Amino acid sequence: MYYKSAIYKILTLLGILLSGVLCLQAQEEKPTRKAIDSVMAISPDYLPTRLAPNPTLDFNPLEYTNIDTSLVHISQYDPLWRIENMYQSLGINGQAHKNMVFDIDRSMGFTMITLPYPLYFKKISDLYLYNLKTSYTDIDFTYGILSEFSFRATHAQHVRQADFVFNIDGLSNKGYFIHQATNRLSLSGLARYETPNKIYGFLLTYAFNHGKYMENGGLENCSDFTDRNARDHSISNDLSSFAVMFSNAESLINQHTGEMINYVNIKNKKGQYFGTFSHTLDVTNLRSRFLDNDLNNLFYRNRYYVSTDSTNDSIEYVSVANALQFSNYSPVDTIGDQSYFIRFAGGLRHEYVTAINPFYKGNSLTLFARTTIRLFKVWELYGNISYTLFGYNKNDAMAKVGARFTINKKHRHYLGLEASFMRCSPDYIYTKYHGNNNSWLNDWNKQNIFKAGAYWTMFGYTLSAHIFNLGKYIFLNDNFEPQQLTKPAQVIQLELKAPVRTKHFALDANMALQHSTNKAVTVPLFAGKLGAAFQTRIFKKKLHFQVGVDLFYNTRYFADGYNPILHQFYSQQYVTTGNYLYVNAHIAFRVKRISFFIRGGNLIAGLFSYHYITTPGYPMQDRNFEAGVNWKFYD
């Protein structure tokens with residue numbers, strides 16, 4: 001009865017959307033010859049908007065690419081479902097998650113904590129510049145039966161010498177188990193201006209992330225959930241019978257990040273260019289709080305440093321960084337077609353950090369440089385290096401080098417090699433922390449992390465291999481305490497990404513083989529996602545129609561557990577997850593620039609087993625349904 005009602009509501013919503021869109025199309029007149037911008041001159045159904053990653057402190061020449069307006073991934077608005085992302089999560093969209101494909105990357109400067117929301121919390125580097133003549137707007141709305149709503153919107157506007165971008169990304173989810181509600185909001189924006197003579201310009205970016213999470217800590221006894229009779233195909237709609245770790249705990253996180261790049265291009269009266277001086281100002285503020293008034297000793301392990309009645313742990317810090325650098329290209333330069341060039345940049349960065357809890361106050365100064373060299377039009381050599389002189393990150397050193405050989409630029413056919421070395425301090429929270437249930441003061445040796453890899457790519461197909469050597473690697477153990485490896489660990493990877501496209505058929509494959517030599521760094525031997533879709537046109541080719549299926553599978557392994565008090569994943573060797581096939585299916589339509597879909601997730605839940613868990617203690621959603629709409633348009 002529940003699923004009949006859910007499907008009925010989705011079909012009703014779909015019918016209303018389809019009727020409105022068809023009426024809109026019927027009333028729409030054919031475009032006149034006088035186009036609003038060059039888009040209309042090509043086709044009223046096609047929007048060739050181009051975008052490039054936002055340049056940050058380590059800016060490189062911009063490379064603009066077209067926005068993908070195809071239907072293929074229309075049902076994957078939530079990043080956890082996208083084919084390119086293979087993450088373990090806490091069961092519902094919007095909460096903490098961790099990449100199953102191992103990777104580690106550090107940037108110069110102080111880091112208090114790495115929050116486990118990489119796909120949801122927007123960073124300055126996640127923003128995009130848009131190359132357009134008027135404006136571009138993209139709106140997405142998803143309604144999940146019966147407990148989830150998500151909304152995304154992007155608007156980009158070009159006004160004379162300026163560009164403006166605004167993004168909003170929100171989610172509200174009541175959850176399926178006790179005390180699992182999630183509310184998340186991300187606001188971000190960008191402004192770019194350059195004088196008509198291209199002497200002066202600036203880039204201003206800002207990102208705000210807000211998250212409110214009802215933390216239930218997972219199920220007290222997950223076997224009660226997984227060991228149900230698999231022959232019973234009925235799935236209970238009321239999951240309140242399963243006891244959870246926390247019934248009153250919650251996390252509240254607010255993060256502000258802003259950056260401004262001012263640059264001056266040095267030219268003589270004849271317009272000859274001599275280089276660019278730039279100043280970058282970065283400001284970051286993080287406030288995180290974990291509250292619990294009903295302490296569960298099963299999780300807290302009778303370990304209390306402040307109170308046995310309640311927990312009120314917080315993390316708060318402010319970072320202000322200024323950087324001066326000189327380069328022989330500007331932040332908004334685009335990649336050229338020259339056969340030979342040498343691009344270089346270098347400067348210094350000062351950072352001041354003040355933290356309330358854990359307490360820290362200090363300064364650091366970092367020297368950095370980078371270069372890109374093109375030879376004979378087919379070879380590109382690149383590298384960067386940084387070294388910190390004093391402060392918490394004193395003597396941190398980072399370097400990266402790489403080479404790429406162009407076999408056929410038109411076919412995007414390349415071969416590449418890359419290597420990086422990071423001699424770095426861990427996040428400060430691993431060095432000093434004092435809360436109600438966790439407390440430590442550590443003096444670590446520097447982590448020595450080496451990564452090397454090679455890749456081949458053509459037409460978007462990519463085959464890559466990587467090896468990591470993790471010396472003095474620091475992680476959180478199953479006692480919820482930081483620990484440093486005494487012997488180096490190695491992780492070996494082989495990855496394949498294959499986008500297949502024909503006239504009516506599309507297939508995307510993302511597969512990874514991995515092996516780790518140390519149980520503290522656990523990875524699944526295999527993890528893979530596959531998305532296949534068939535699409536055609538109906539109703540006199542006015543309506544684009546698509547039906548598709550997505551599959552996800554990973555081998556069984558000791559996946560990291562999650563500690564909501566510290567907002568960190570931790571290594572554990574007690575519970576395995578994996579060896580379960582997730583099956584999703586969708587139907588999507590598009591008329592003009594309006595697309596909408598209905599989607600079913602985890603469709604085989606309970607048919608064979610109930611072991612659909614990626615993080616110990618946190619079952620994924622049962623069989624679920626949702627509907628969504630996307631509208632791309634311009635003014």
Side-chain angles (χ1 to χ4, degrees), residues 31-44 46-57 59-67 69 122 124-139 152-169 187-208 257-283 325 327-337 343 345 593 631-635:
T32 61
R33 293 184 179 180
K34 185 178 179 180
I36 297 176
D37 70 25
S38 59
V39 172
M40 292 293 290
I42 299 174
S43 166
Y46 179 57
L47 188 64
T49 301
R50 298 170 64 80
L51 75 171
N54 168 54
T56 56
L57 174 64
F59 59 81
N60 283 296
L62 302 176
E63 184 173 9
Y64 285 93
T65 58
N66 285 332
I67 292 177
T69 58
K122 300 301 180 185
I124 295 299
S125 57
D126 294 329
L127 302 182
Y128 287 92
L129 290 171
Y130 289 77
N131 184 12
L132 41 78
K133 294 184 178 180
T134 55
S135 65
Y136 167 80
T137 303
D138 184 352
I139 297 175
R152 291 173 54 248
T154 295
H155 179 72
Q157 185 80 42
H158 176 75
V159 182
R160 297 185 178 181
Q161 301 300 125
D163 292 295
F164 303 93
V165 181
F166 175 76
N167 305 288
I168 180 172
D169 187 349
L187 302 174
S188 58
L190 177 152
R192 177 180 71 165
Y193 173 79
E194 190 173 64
T195 57
N197 59 8
K198 300 186 182 301
I199 295 294
Y200 167 76
F202 72 81
L203 281 158
L204 178 63
T205 50
Y206 171 76
F208 166 70
T257 307
E259 180 180 82
M260 185 170 187
I261 302 177
N262 287 279
Y263 63 93
V264 176
N265 297 318
I266 311 302
K267 298 181 180 180
N268 61 18
K269 293 182 179 180
K270 296 181 180 180
Q272 186 177 2
Y273 175 74
F274 294 100
T276 298
F277 283 106
S278 62
H279 168 256
T280 302
L281 172 65
D282 286 288
V283 180
Q325 66 178 306
S327 61
N328 66 345
Y329 56 96
S330 81
V332 295
D333 278 354
T334 55
I335 292 179
D337 293 326
R343 297 192 178 103
R593 295 193 181 98
W631 190 0
K632 290 182 172 68
F633 59 94
Y634 60 91
D635 297 329

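What you are looking at is a predicted structure, and each value in this text was computed from that prediction instead of being measured.
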Do the side-chain N and O atoms of Asn265 and Thr276 include a donor-acceptor pair separated by under 3.5 angstrom?
-> yes
Does any donor atom in the side chain of Gln157 or Tyr136 lie under 3.5 Å from an acceptor atom in the other side chain?
-> no
Heavy-atom side-chain proximity of Leu190 to Leu129 below 4.5 angstrom | yes
With sequence neighbours left out, what residues match Phe277 under ring pair (Phe, Tyr, Trp, His ring centres under 6.0 Å)?
-> Phe326
Flag the pair Tyr130 / Ile67 as yes when at least one side-chain heavy-atom distance between them is below 4.5 Å, and no otherwise.
-> yes
Got Val165 and Leu127 here, is their nearest side-chain heavy-atom distance under 4.5 Å?
-> no
Are any of the side-chain heavy atoms of Tyr329 and Asn60 separated by less than 4.5 Å?
-> yes
Sequence-distant partners of Asp163, salt bridge (charged side-chain N to carboxylate O under 4.0 Å, His left out), two or more places apart = Arg192
Is there a side-chain contact between His155 and Ile139 (heavy atoms, below 4.5 Å)?
-> no
With side chains defined as the heavy atoms from C-beta onward, is the minimum distance between Pro61 and Arg343 less than 4.5 Å?
-> yes
Check the pair Thr195 / Gln161 against side-chain contact (heavy atoms from CB on, under 4.5 Å), numbers first and verdict last.
-> CA-CA 7 Å; Thr195 57; Gln161 301 300 125; over 6 Å; no
Apply salt bridge (charged side-chain N to carboxylate O under 4.0 Å, His left out) to Lys267 and list each qualifying residue two or more places apart in sequence or on a separate chain.
-> none
Ring-ring centroid check Tyr200 Tyr193, cutoff 6.0 Å | no
